[in-house]
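See structure below.
Naming: A, B, ... by sequence-line order, numbering from 1 per chain.
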Protein chains: 2
Amino acid sequence: MPVSKHPSLTGPVTLASIAAHAGVHVSTVSRALSAQPDGVGPETVERIRTLAHELGYRRDAAAHTLRTGRTRMIGVLVPRLTDVALATIYDGIDQTATRLGYNTVVANTRDDVELQRSCLDLLLSRRVDGLILGDSRTDSNLMPELQRTQVPFVLVMRRLPGQISITTDDLEGGRLAAKHLLELGHKRVGVVAGDPSASTGAERTRGFRDTFAKAGFPIPDEYVIDSDFHVGGGRRAAERILRLPVRPSAIFAINDFTAIGVMGAVRDAGLQVGSEMAVVGYNDLDLAEQLPVGLTSVRSPLTEMGELSVHTLLDILQGKEVRSRRLRPVLMARASTLNSR
Amino acid sequence: MPVSKHPSLTGPVTLASIAAHAGVHVSTVSRALSAQPDGVGPETVERIRTLAHELGYRRDAAAHTLRTGRTRMIGVLVPRLTDVALATIYDGIDQTATRLGYNTVVANTRDDVELQRSCLDLLLSRRVDGLILGDSRTDSNLMPELQRTQVPFVLVMRRLPGQISITTDDLEGGRLAAKHLLELGHKRVGVVAGDPSASTGAERTRGFRDTFAKAGFPIPDEYVIDSDFHVGGGRRAAERILRLPVRPSAIFAINDFTAIGVMGAVRDAGLQVGSEMAVVGYNDLDLAEQLPVGLTSVRSPLTEMGELSVHTLLDILQGKEVRSRRLRPVLMARASTLNSR
DNA sequence: GACCTCAGCGCAAACGTTTGTCCATAATCT
DNA sequence: AGATTATGGACAAACGTTTGCGCTGAGGTC
C-alpha cells in the first residue's frame, strides 16, 4: 500500500523525487525500476523499489513515450461496441494484449467515413504501436493513407483485398445457412443483407444467394434488403420483406441482432417464429441459444478472432512474415428453423 | 490531403521540421497551430497551417501531455463491454466526451478487484484528467486510494455511499417490477439477484423483495439466487429456481441478459414464457421488445447516464459544485408478463 | 524628432523518462 | 605491488511541446 510515510514530498512522485529521497541519481532510479536493472547494485535496486512503492510511484506514460517513441499500445477501431459481436472481439483483443504486455485504446467510428478518419488521427497522434481495424469498408480509401504512416495494422472481422485480415469465412457461412434452409425444403427466402460496403454483409449475402441460385432457386433482388447491423435495422428490413406479395418461408439475417429484429417483426405480423417463418442469424452470440425460440445461427469464433488479430499484429511488429486467416464457421441449428417442418 | 510535396523531410513531422520549412522559430509554429494564435501575424498563421496540413502534421500527444500536464482524456472503467448495458453507457460517455473535446480510454475490469486496481493504475499513469467508474463494488476499497490521487471521478450505473454517482433509482426499479407482478396476481416469485456487491444487484433486489414483503408475500431466501450479469448466469440461477419444490409463477431477473438466460431455462423446462412463467428483465435494451416473446423490462436511460456522467465530471474539473443524480426508471410491460393471465 | 506602444517573432527552459558515456572505487590478475 | 578489469553509479542529452520573457522595428503621439 502506498502509504505516505514521506510527507516531505507532496507533489507528484517522479524519478527525481525518488532519487532525492534515496540520495542517488535519477538515472539510477530509472535503471533500478526497469525490468532488467543492469549496472545497479542488487541492494540498491531493492531499496529504490520499496521506496518507489511506498511513495506510490507510477511511471509517467507521456514522458516514457516521448523518450522511447514506443507506447506498447495498440489502437482498435470498431463500428460500435454496443454490437456484442464487436465487443466480444474487442474483449479478445484486450485480454490477449494485456497478457502480452500491451494496452489497447478503442474508438467507435459508427461506420462513418469521416469519423473513421478523425478517430484514426487520434490514435496515431497517441503514437499507438499498431492498429487493429474492425470497421474497414470498401467505400473508404483510408488504406493508402494508413500505409503511408508506416504504422502496422491488421483488419479483423471485415476483409479488404490486399490487406492482412483475420476473419471468418463469411462466404462459407452464407453457404452453410443456405444449405441448411434448402435441406429443410425452403424455396423462397428473404435476406436481411446488412451493409454491402462491409465484407461481412457482402460475403455472407453472396454465399447465401449463390447457393440458392445453384440449387435452382435464385433469390430476386426485392427479397434482399440492405440494413445496418442492429435490432432496429433487422426489424425494418423484415417488415419490408413480410409485405412482399409472395411471402418467403424463411429469412436469413446478417447477424444475431438483426435476426432478433426479424423475430419481432415476424411475431407482430402474427406469425410464429420457427413453425411459420424460419429465421437464421449469424455469430451465434450466447443469447441466441436461450431465446424463447432458440435462434439458428452461424457460429463465428469471435474471441479467437480477437486473439489472433493481436498475435498477428505483434508478429508484424517483430518483423515476422504473416498471412491472413479465415476461420471456419459452423452452423448451429435450433428451433427457429427446426420447428419449421 | 497530406500530400508529400516536401520530400526533403522524411522523418516524423514535428513542430521543428515545420519551423525549418517555414523559416520561423518552433515557438511560432506552436502558437500558429494553437486554437487562439496570439502574437503571430495572420498571414504567418495561415502559411504555417497550410504547410502543417500539407506535411501531414499531427501533434504528438505524449509531448503535449508532458508539457501541459493535461491530456483531455477521461478514463472509463467498466466490468465488461460485452454487456450491452455498459457498452451503451460507454457509448453515451464517448459521444459526449468527443463532442466536448475530450477523448476516452476504457478498460475492462471483469468485476475483479485485482484487475480493477491494475486498470486504475494504468489509467492514472496515462494521466487521465478524470475518471468515470462503472464498476464500483462494495467489497473493494479503491475509493480512499483514489481520493488520495486527487484525480476527480464520478461513479456511473452503480452507487457507493458518499460518492458522486449517476445512476437510475434501482430501488424504485425493483419496486416497479414487483408492483407489476403483484397487480397481475403473482404471489410466489423467484429472483435472479445479480451480484450483491454491486449496488444495482443489491438495490433492485431489495426494492423488489421489500415490495413483495409489504404486500404480504415475503420472498424466502431460497427463491433469491445470486448470479453474475450475463446470459449463462441467468440460465443457471433460473434452473435452480425451477427445481424448487414449489415452483414460482414469475421470475425477476436483474437485467435483460440474465432474463434471456431465464427464458432459455424456462423454455427447456417445458414451460411457456409468459403464459406459464412470467419473466421481468431490467434495462430495456432495444432487443427486449423484439424477442419472440416480448420481454417486460424496467427501462433505465443508459445513454443519458453516460452523457450525464461526463457533464458531471467536467463540472468537477471546472470546480463547480455537483451532486449525485438518480434517474427515474419506467416499467415497459410486454408479453413475457402480460400473457400470464 | 524623441518617446512610447505594441504587434510579431525568437530564445530558452521545462515537463519526466531513458540511455550512451564516463568516472571512481573495489576486486582481480600477473 | 602495480596494472588491469569489473562494478555501481553519476552526468547529460534527447524526445516534442508549450509558454514566459525579451528583443526588434514600425507606427503613433506629443
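- Within 4.0 Å (heavy atoms only), Thr68(A) reaches sugar-phosphate atoms of the nucleic acid but no base atom.
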Under the side-chain contact (heavy atoms from CB on, under 4.5 Å) rule, what do Met73(B) and Arg126(A) come out as? Steps first, then yes or no, please. CA-CA 11 Å; Met73(B) 271 199 331; Arg126(A) 293 222 182 280; 3.0 Å; yes
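- Among pairs with a residue in residues 73-100 of chain A, those fulfilling salt bridge (Lys or Arg N to Asp or Glu O under 4.0 Å) read Asp91(A)-Arg110(B), at least two apart in sequence or across chains.
- Non-hydrogen atoms lying under 4.0 Å from DNA chain C are contributed by nothing in residues 118-130 of chain A.
- Between the CG atom of Asp60(B) and the P atom of dT17(C) there is a distance of 17 Å, rounded to whole Å.
- Among the atoms of the strands shown, base atoms are found under 4.0 Å from some heavy atom of Gly39(B).
- His64(B) places its NE2 atom 12 Å from the C1' atom of dT19(D), with the value rounded to the nearest Å.
- For the pair Thr28(B) and dG10(C), the criterion of a side-chain N or O lying under 4.0 Å from OP1 or OP2 is met.
- Residue Pro37(A) is classed as having no contact, given no heavy-atom separation below 4.0 Å to the nucleic acid.
- Both Gly23(B) and His25(A) sit near DNA chain C, but only Gly23(B) has its closest nucleotide nearer the 5' end.
- Residue Arg59(B) contributes atom CZ, which lies 9 Å from atom C1' of dT17(D) at whole-angstrom precision.
- Within 4.0 Å (heavy atoms only), Thr14(A) reaches sugar-phosphate atoms of the nucleic acid but no base atom.
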Step by step, work out the salt bridge (charged side-chain N to carboxylate O under 4.0 Å, His left out) result for Arg137(A) and Asp111(A). CA-CA 8 Å; Arg137(A) 302 174 58 81; Asp111(A) 268 323; 3.0 Å; yes
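- Residues Asp129(B) and Val151(B) share a closest heavy-atom pair of O-CG1, 4.1 Å.
- Ser30(A) comes within contact range of at least one nucleobase, with a heavy-atom separation under 4.0 Å.
- For the residue pair Thr96(B) and Tyr102(B), no side-chain donor N or O sits within less than 3.5 Å of a side-chain acceptor on the partner.
- Regarding Asp38(B), its CG atom lies at a distance of 16 Å from the P atom of dG10(C), rounded to whole Å.
- Using a 4.0 Å heavy-atom distance criterion, Thr44(B) is classed as a sugar-phosphate-only contact.
- Judged by closest nucleotide on DNA chain C, Gly41(B) is the one of Leu66(B) and Gly41(B) placed further toward the 5' end.
- Atoms CZ (Arg70(A)) and P (dG16(C)) sit 23 Å apart, rounded to a whole Å.
- In summary, the side chains of Tyr57(A) and Ser17(A) do not present any donor paired with an acceptor at a separation below 3.5 Å, with no hydrogens or angles considered.
- By the salt bridge (charged side-chain N to carboxylate O under 4.0 Å, His left out) test, Arg159(B) is found to be paired with Glu203(B), residues two or more places apart in sequence or in another chain being considered.
- Counting distance only, with no hydrogens placed and no angle test, the side-chain atoms of Arg31(B) and the base atoms of dG20(D) include a donor-acceptor pair under 3.5 Å.
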